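It should be emphasised that the depicted structure is a prediction, and the values quoted were computed from it without experimental measurement. Here is the naming used below: chain letters follow the sequence lines, and residue numbers restart at 1 for every chain.
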Amino acid sequence: MRVRFAPSPTGQLHIGGLRTALYNFLLARKHGGTFILRIEDTDRSRFVPDAEQDIIDSLRWAGMEFDEGPGKGGVHAPYHQSERFDLYKSAAEKLLADGRAYIAFDTPEDIDALRERLTTKENPAPKYDLSTRGSMTNSLTLSEDEVQRRLDAGDPHVVRLLVPEGETIRFHDLIRGEVAFDSTEVDDQILVKSDGMPTYHLANVVDDHAMEITHVIRGEEWLSSVPKHMLLYEYLGHKPPQMAHLPLILSPAGGKLSKRSADTLGIPLNVKQYREAGYEPEALVNFLAFLGWNPGTEQEVFSMEELIEAYTVQRTGQSGVQLDLNKLDWYNAQFIRRLSAKDIASRSRDAVEVAVGPVDEGKLLAVADLMRERITFANDLADSTYFFRGPDTYDETGLKKRWKEDSAELVGLYADLLESNASFTEASAEAAMRDLAETQGVGFAQIIHPVRLAVTGVTIGAGMFETLVVIGKEECVRRLREAAEALAPRPQSAAD
RNA sequence: GCCGCGUUCGUCUAGGGGUUUAGGACGCCGCCCUUUCACGGCGGUAACACGGGUUCAAAUCCCGUACGCGGUACCA
């Protein structure tokens, strides 16, 4: 089994592309096959220099190492279509020689004119096909001499596929079953552009055969092109690979997921954006795998190894799927919990240091351990700045609700108790507070909430005593006293 | 317009003639746990697009309609 991911380097890899790559990768790994990366750079006008590196980086980040491709080589190198020109040229020559393709001299303006002439309400998109080719300037309508003369003169020209009339083209799609098209509906696809480069259709068919691709898994946007490809396989004398056309990823609003719609909705589109937003690659992979596929069991969280084990093309859905970032976030939280404190620390360090400056590794590790189950992103650790420095302000709503007349005094007393607490463990810190509640004759809650506010500035967080221990005794005592001072009730007259 | 592909809770989906009072997950709501917020546990909300047919029986098969998506480029 040999499969390929064949993106065009026209921009950053988007998540739809990553999902296509993933399904190819899973299938290859599951069957001990080969996963190939092929760069389809035949459109020079849309070429983006950094795109290829972004594709490679994104695949690597996601944990999908390819077996053959740019920078890696392989038995069918090179893997850039721009370097495989001769292959397409000889394929086009064979097609021409066999009468399966023809040369057309029509300029883009000629074709525009054709469209303009024929466009009606009933036919808004006229085609260059068997109904119109006879009225155009091509080797079907020109004499042999005239064609040769123009060729010798260097007239710009393209090569078009000579699509037969009235043939039913059938093929089996692994996801959709039997699909049939009438060849009359197919246009005379340009195979070689006037700059000499092949179009996707020719290059793709030639390369899939040359690289011995056995399974083509790609987006549904290609389904309508399959008849052209089947014709090319037949005319070139090649056996077509197995086909599987994936449902498209739709925007959360239901429409198509375009750059524009993504911007409007404020959702990331490119893999790089997800990466920068702090998503874990394992989470994105798991999420993407389930966007249009499911294992048929109730297991939701899968490692790459488990996905490889469970994946089958047949269990892929057939209808478009909407992106649900809520679920992605949930997956991310799932993977964060499975990470070691060390991994969380290393993934959050930059964000934390941006927020509070240089932090001690041991401290960060302790914070990661304590907060693991309450965060969605590793970077969320940066929100709890109180682990690393005292609060600048105290949460107002919390103060209103929890800070009473006697709070400053109780917090001060608790500071004294902690200061003389030699061991300062979670247990001793808690015991001290319970003793204080008893000797002062107040409820436990009357102390713990003000203490939390005094030490962290907020009302939410991990267990109080675990938090105190992570922050450290001296610092806790200092913050408690500072809060007791700042928030002490003052006589009305002395105020202001 | 034409061609192709689709259509089960808001979303991702299971289910492919009787096993279904249509199952799971995310989200949302409630309860429990609890010093708070989470986590976790328990419970709840919520779907077979519509119309015909086939059949003893249809979410499941067939036809039609509606709607959505894709294609209809010298882009991929």
Mind checking who [N] pairs with, Watson-Crick or G-U wobble, both distances under 3.5 Å?
{"N": "B/A38", "result": "none"}
{"N": "B/G6", "result": "B/C67"}
{"N": "B/A46", "result": "none"}
{"N": "B/C56", "result": "B/G18"}
{"N": "B/G1", "result": "B/U72"}

Distance, [atom1] atom - from [M] to [N], rounded to whole angstrom:
{"N": "B/A14", "M": "B/G30", "atom1": "P", "value": "31 Å"}
{"N": "B/A46", "M": "B/C9", "atom1": "C1'", "value": "5 Å"}
{"N": "B/G51", "M": "B/U13", "atom1": "P", "value": "25 Å"}
{"N": "B/C12", "M": "B/U8", "atom1": "P", "value": "8 Å"}

Please give, in whole Å, the distance from [N] [atom2] to [X] [atom1]?
{"X": "A/Leu323", "N": "B/U13", "atom1": "CG", "atom2": "P", "result": "12 Å"}
{"X": "A/Met197", "N": "B/C74", "atom1": "CE", "atom2": "P", "result": "16 Å"}
{"X": "A/Leu250", "N": "B/C5", "atom1": "CG", "atom2": "P", "result": "18 Å"}
{"X": "A/Ile336", "N": "B/C39", "atom1": "CD1", "atom2": "P", "result": "15 Å"}
{"X": "A/Leu257", "N": "B/G68", "atom1": "CG", "atom2": "C1'", "result": "15 Å"}

Could you check whether [X] gets within reach of a base, just the sugar-phosphate, or nothing at all, counting any heavy atom under 4.0 Å?
{"X": "A/Thr42", "result": "sugar-phosphate"}
{"X": "A/Gly461", "result": "base"}
{"X": "A/Ala180", "result": "sugar-phosphate"}
{"X": "A/Val321", "result": "sugar-phosphate"}
{"X": "A/Asp106", "result": "base"}
{"X": "A/Arg176", "result": "sugar-phosphate"}
{"X": "A/Pro126", "result": "sugar-phosphate"}
{"X": "A/Gly292", "result": "sugar-phosphate"}

Between [X] and [N], does any side-chain N or O lie under 4.0 Å from OP1 or OP2?
{"X": "A/Asn123", "N": "B/C2", "value": "no"}
{"X": "A/Arg115", "N": "B/A73", "value": "yes"}
{"X": "A/Gln318", "N": "B/C5", "value": "no"}
{"X": "A/Arg315", "N": "B/G15", "value": "yes"}
{"X": "A/Arg337", "N": "B/G40", "value": "yes"}
{"X": "A/Lys193", "N": "B/A76", "value": "yes"}
{"X": "A/Lys256", "N": "B/G70", "value": "yes"}

Side-chain donor/acceptor contact of A/Ser224 with base of B/G70 under 3.5 Å: yes
Consider the side chain of [X], meaning its heavy atoms from C-beta on, and name the nucleotide among [options] that approaches it most closely.
{"X": "A/His201", "options": "B/A14, B/G23, B/A76", "value": "B/A76"}
{"X": "A/Ile190", "options": "B/A14, B/C74, B/C39", "value": "B/C74"}
{"X": "A/Pro108", "options": "B/A25, B/G4, B/C74", "value": "B/C74"}
{"X": "A/Tyr200", "options": "B/A76, B/C5, B/C12", "value": "B/A76"}
{"X": "A/Asp324", "options": "B/C2, B/U11, B/A76", "value": "B/U11"}
{"X": "A/Arg46", "options": "B/C74, B/G1, B/A76", "value": "B/A76"}
{"X": "A/Glu122", "options": "B/G1, B/C75, B/U13", "value": "B/G1"}
{"X": "A/Trp330", "options": "B/G15, B/C26, B/A76", "value": "B/C26"}
{"X": "A/Glu221", "options": "B/G27, B/G71, B/C12", "value": "B/G71"}

Between the side chains of [Y] and [X], is the shortest nitrogen-to-carboxylate-oxygen separation below 4.0 Å, so that they form an ion pair?
{"X": "A/Glu220", "Y": "A/Arg176", "answer": "yes"}
{"X": "A/Lys228", "Y": "A/Asp187", "answer": "yes"}
{"X": "A/Arg4", "Y": "A/Asp207", "answer": "no"}
{"X": "A/Arg434", "Y": "A/Glu430", "answer": "yes"}

(message) On the six-membered ring of A/Tyr128, is A/Arg160 placed so that its NZ or CZ lies under 6.0 angstrom from the centre and within 45° of the ring axis?
(response) yes
Say whether A/Asp110 and A/Thr107, considering side chains only, have a donor N or O and an acceptor N or O under 3.5 Å apart.
-> yes
Checking side-chain polar atoms at under 3.5 Å, does A/Asn421 have a donor or acceptor matched by the opposite partner on A/Ser428?
yes
Centroid separation A/Phe290 to A/Phe302 less than 6.0 Å | yes
Of A/Gly296 and A/Val179, the one whose nearest nucleotide on RNA chain B sits closer to the 5' end is A/Val179
When A/Ala125 and A/Arg434 are each assigned the nearest nucleotide of RNA chain B, the 5'-most assignment goes to A/Arg434
